[in-house]
Amino acid sequence: MTLPYTRQEMMAIATGREIRDGELAIFGVGLSMLAGYFAQAHHAPNVRAMTEGGVYGATPVGGLPWGIECNRISANATSFTSGLDALGCLVASGRCDVGIIGAAQVDRFGNVNTTGIWDGEIGDHYRPPKTRLTGAGGANDIACGAKRYLIMVAHEPKRFAETVTYVSSPGYLEGGDARARHGFVGGGPSAIITTLGILRPEAATKEFVLAGWYAFSSAEEIRANTGWELKIAPDAAPIPEPSDSELAALRTVDVTGALRKG
Amino acid sequence: MTLPYTRQEMMAIATGREIRDGELAIFGVGLSMLAGYFAQAHHAPNVRAMTEGGVYGATPVGGLPWGIECNRISANATSFTSGLDALGCLVASGRCDVGIIGAAQVDRFGNVNTTGIWDGEIGDHYRPPKTRLTGAGGANDIACGAKRYLIMVAHEPKRFAETVTYVSSPGYLEGGDARARHGFVGGGPSAIITTLGILRPEAATKEFVLAGWYAFSSAEEIRANTGWELKIAPDAAPIPEPSDSELAALRTVDVTGALRKG
Amino acid sequence: MASNKLISLAEAVRRTSRDGMQYASGAALPIGSDAVAFGRELLRQERRDLHAIFHCNSQQLNLLAGAGAVTRAECGFTGLEVFGFANGLRRAVESGALALEDYSNLAMALRLLGGAMNWPFVPATVNIGSDLQDRSAFEPDAYPSRTKIPTVTDPFSGRPVGALSPLKPDLAAIHVTLADPLGNAIMLGTEWSRFELSRAAKRVVLVADAIVDTACMRQFPNLVRIPDIVVEAVVHWPFAAWPQSSPGMYDVDEEHMRLMNKALATEEGTAQYRRDFVDGYADLDGYLAMIGAEKRASLSATATGFLLDPYRPWILPAEVVAQLQAEGGVS
Amino acid sequence: MASNKLISLAEAVRRTSRDGMQYASGAALPIGSDAVAFGRELLRQERRDLHAIFHCNSQQLNLLAGAGAVTRAECGFTGLEVFGFANGLRRAVESGALALEDYSNLAMALRLLGGAMNWPFVPATVNIGSDLQDRSAFEPDAYPSRTKIPTVTDPFSGRPVGALSPLKPDLAAIHVTLADPLGNAIMLGTEWSRFELSRAAKRVVLVADAIVDTACMRQFPNLVRIPDIVVEAVVHWPFAAWPQSSPGMYDVDEEHMRLMNKALATEEGTAQYRRDFVDGYADLDGYLAMIGAEKRASLSATATGFLLDPYRPWILPAEVVAQLQAEGGVS
């Protein structure tokens, strides 16, 4: 099936749809920034976007930013402050409405690993990972403090584990009300948005279940690519394809076509 | 006796002599600022002076500043930051070498009251003072954090109490090593400099004793104006009169002659 | 795209303040930047029973306290520096009409930082071991107080350390030199704790001496320490800090500082001051006329004037600001 | 009057660094402002066994780690954003040659704030409840760790909260856009945690893209977030963050970012990179020649260039800086 859009573009649009106008939002670099600025360009013109380092009021120029504090978003910002301000005063404080983070590995309860890949469990003695990844970065702070957050991840079996090897950023931990034990001010992940569909947490157990699939995917394909016995929500449904206006808005943001290469 | 300088000027010069070149120093408004900037103009050209609000690199212009963050020191500063920076990062942290504070009431162990005057003891039930003063301001932070600090006070019996009614800024508390109980990073008051002379703490007891008197005062006059049985240090001695260069430097700083009115 | 938040001072006070609220203001110590004009308007609208949170006293707190509008206050320095004791505040405290909870200047800034960070408490290496810790005007029967600045044990050293309670005022009126209509602000002179306050308060109103085009903010983003996303409303009010000073804009009005503080020393004087200088103007033009053209000119001839020079090209003319304010008020 | 602190990069490294020290750097995330040139000089002078404290990884840490000069590191984000994983750091971690203690980006900033304030600990509402708290590379046998981020009880609510350990690095090399010879600094772009770092570190060296007259600081004192009183030495080094970016000055060098990270993926590549880009120049002129005139011109044609405009009149010419540096070096 040849589509007029890529799977990456579908994921970015599905993520952007989760962002509501006027919200205070924090985006990471790459896909999550494109999803966020797509929302701003399309249906959330008053989204109040910031980056981890305290760059406010900016719209990227000249292509996909190389990093979240790079010159492509420094060129038209209205305010520069600091990491303490953005991640502390505005995110960890509980003020931020929504954040978007990525994941190398995510589990049944939305816990995220971006720290490393080990051969099996780590064990009681900490040892270096076989493959070192990017660490927690600001994602842990978003996961603890944002009112809700979105996890964007490529849907591959190795990335969807029953339990992540290392919790870099807490989802619902062991599920249920486990987050309450730590007093997190943030509400936890509201959706896992993938290249194949969307998973959302069940209200009580906080187990992530299938909420929807794209025109080019199916519940079966998603279950086959998920490392746990994925349940299907009672109201699971196909996810609308990108509209013309959505696709146009996304491509205004993604001027270099980064999402069309994947 | 008519002197070529006032008692206030003598006190300011005696205070300024305590400041050494290159030190990181914090001054309050009025007398203490004049004393500090006198030191800078005279013998400590490299003193690194700041105010509580984070005004750095300034020399007052146009007369005695109205306040420690006023336009007369904002006109040629090299940096403005914040109270958190100056009082927190640079003073409470223990980095500041010397501070100068004032006192409405000071006691045998160098504890300072700037909060209020009560009729007798406050008692177990807190009640408003008969006369409300200026509160602790930044002096408490200097008293807790500065490596050492100087107390400037007019020498009158009512101001020199056996025990202050209210400890706004801690000196040596009950004396000895009482400060250690609270883990203060600062060393405590190194001198009380008055309109009549200088008191310094005994090494072990931390009781303030008479260290010196001016040309126009005497040990007897000072003892008579002190509310506790003031001891005289073994090495107590007359304090040198202002030199011509000291007086000239002070008057350069005190352009409006504030110290000559007293 | 953020929206135009310019509204009138009267409207800002109507929208954001209520009796009994925790109201925070104060900026660069008793003689510097402060939204004094906002305090005047609180009195004009007869706000009462305020719980004032000032990192340090100013003529605003002095006035509000002297006028009997404040029943509780948390504060650092409570004087007026070279202008002496704050007579209005003093009178309210001494009479028992106002319970004043004492902290140091740093402690107030730390408590605002704690509110901004949403910490449960802030480690205190100051204020401990003094009557700031032991005495509480809010809980007068507790002596020594164990709740005002309680003790926690440092898990690394096992040693005790104080714990300050964070502050999250209901409303902060923050004086800034320059703001754009969206709510981005530039402060000239020390920030004191305006940065922390702007993040700690539940609602923030900026009171700006001048309004600039947003292009100014894009030219100097590192100066924009208060970004629009934390601001609810912007008020344009020249000489907003008067009789205090605003670096780059105007000097302290020595004469009025003394007149005002003298008036606040008595109930009669305070009543007279309210008639003359609080209720004595109908609008901004009336306020500026009350200060007087000659006085404004002399105060504006400040040695700090050069600090404003880089931003002057972006200052919006009065008629543009008025138009924007008319639009912002209806949004 | 503060003194001229301009010295050469080689002299700054000689004076302030030693094997085994806690060395802090890093600034605006992996692609932004960072004193990368200082890291190159650390390698040129064969510093070893460094304990690196970076609020987040950069090409500097990537290089130092890849070259085997770092045995311990405390860090937030450890990648290179769109440039992928940091191969030099990764190789050192995976081989076990470098123990990497993980924190979040906010936690690193908070720990520097705690060091700046000289707090015994910093309340932690982040990093708790994850393996950042439970796993310690510095104490691998403790699982779950009870010492990395221990728990304290909030005295106000009685609820548990985490406690972060403050950081006070022995040395910080801080990249700034502009510095004056006294050590006052202006940063364009986000500060990240450079403000906190400049107060937390025991010694601070500024590495500035350009040197300005102190008159610039007096015109823009609110931009001077690092005042001279906390600075020991100032180094003038254009393109100090290369191949990373410096807002207002130059863009990221995409080509070299990729070349460098590819080289650091192997020992051989790292050795070659050292020969070519660490030991491959004798002085600043050689360094600039190594980057190349054409490349420098294209990187300098940044869309952020206008951010530098207000300060250009005060930038000191190279010969004046050289003269001041010669004088500063002997003081």
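Numbers restart at 1 for each chain; the letters A, B, ... are given by sequence-line order, proteins then strands. The analysis underlying the following values was restricted to heavy atoms, covering all of them including side chains, and did not include hydrogens, waters or symmetry mates.
In this structure, chain C has heavy atoms under 4.5 Å from both the backbone and the side chain of D:F306. Within the 4.5 angstrom heavy-atom criterion, only side-chain atoms of D:R225, from C-beta onward, approach chain C. For chain C, the nearby part of D:P221 is the side chain; its heavy atoms alone come within less than 4.5 Å. Heavy atoms of D:T125 lying under 4.5 Å from chain C belong exclusively to its side chain.
Two residues are said to be in side-chain contact when any heavy atoms from C-beta on lie closer than 4.5 Å; D:L307 and C:F220 fail this criterion. Residues C:F156 and D:P150 form a side-chain contact, since some pair of their non-hydrogen atoms from C-beta on lies under 4.5 Å apart. Using a 4.5 Å heavy-atom cutoff, the side chains of D:P310 and C:Q219 are in contact.
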Checking C:L223 against D:N222 for the side-chain contact (heavy atoms from CB on, under 4.5 Å) test, could you report, in this order, the C-alpha distance in whole Å, the side-chain angles of both residues, the deciding distance, and whether it holds? CA-CA 7 Å; C:L223 282 177; D:N222 280 92; 3.5 Å; yes
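Among D:S157, D:A124, D:S165, the residue with the largest count of heavy-atom pairs under 4.5 Å with chain C is D:S165. Options C:T153, C:V161, C:V122, C:T151 differ in how many heavy-atom pairs under 4.5 Å they form with chain D, and the most are formed by C:V161.
Under the salt bridge (charged side-chain N to carboxylate O under 4.0 Å, His left out) criterion, C:D309 pairs with C:R312, not counting sequence neighbours. Contacts of D:F54 classified as ring pair (Phe, Tyr, Trp, His ring centres under 6.0 Å), with partners at least two apart in sequence or in another chain: none.
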I'd like a table of donor-acceptor pairs (distance under 3.5 Å, sequence neighbours excluded) in which one partner is a side-chain atom from residues 204-213 of chain D, with atom names and distances.
| from | atom 1 | to | atom 2 | distance (Å) |
| --- | --- | --- | --- | --- |
| D:D209 | OD1 | D:H175 | NE2 | 3.3 |
| D:D209 | OD1 | D:F239 | N | 3.3 |
| D:D209 | OD1 | D:A240 | N | 3.2 |
| D:D209 | OD1 | D:Y250 | OH | 2.8 |
| D:D209 | OD2 | D:H175 | NE2 | 3.0 |
| D:D209 | OD2 | D:S246 | OG | 2.7 |
| D:D209 | OD2 | D:Y250 | OH | 3.3 |
| D:D213 | OD1 | D:A215 | N | 2.8 |

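Within residues 103-118 of chain D, the residues having any heavy atom less than 4.5 Å from a heavy atom of chain C are, in residue-number order, D:L110, D:L113, D:M117, D:N118.
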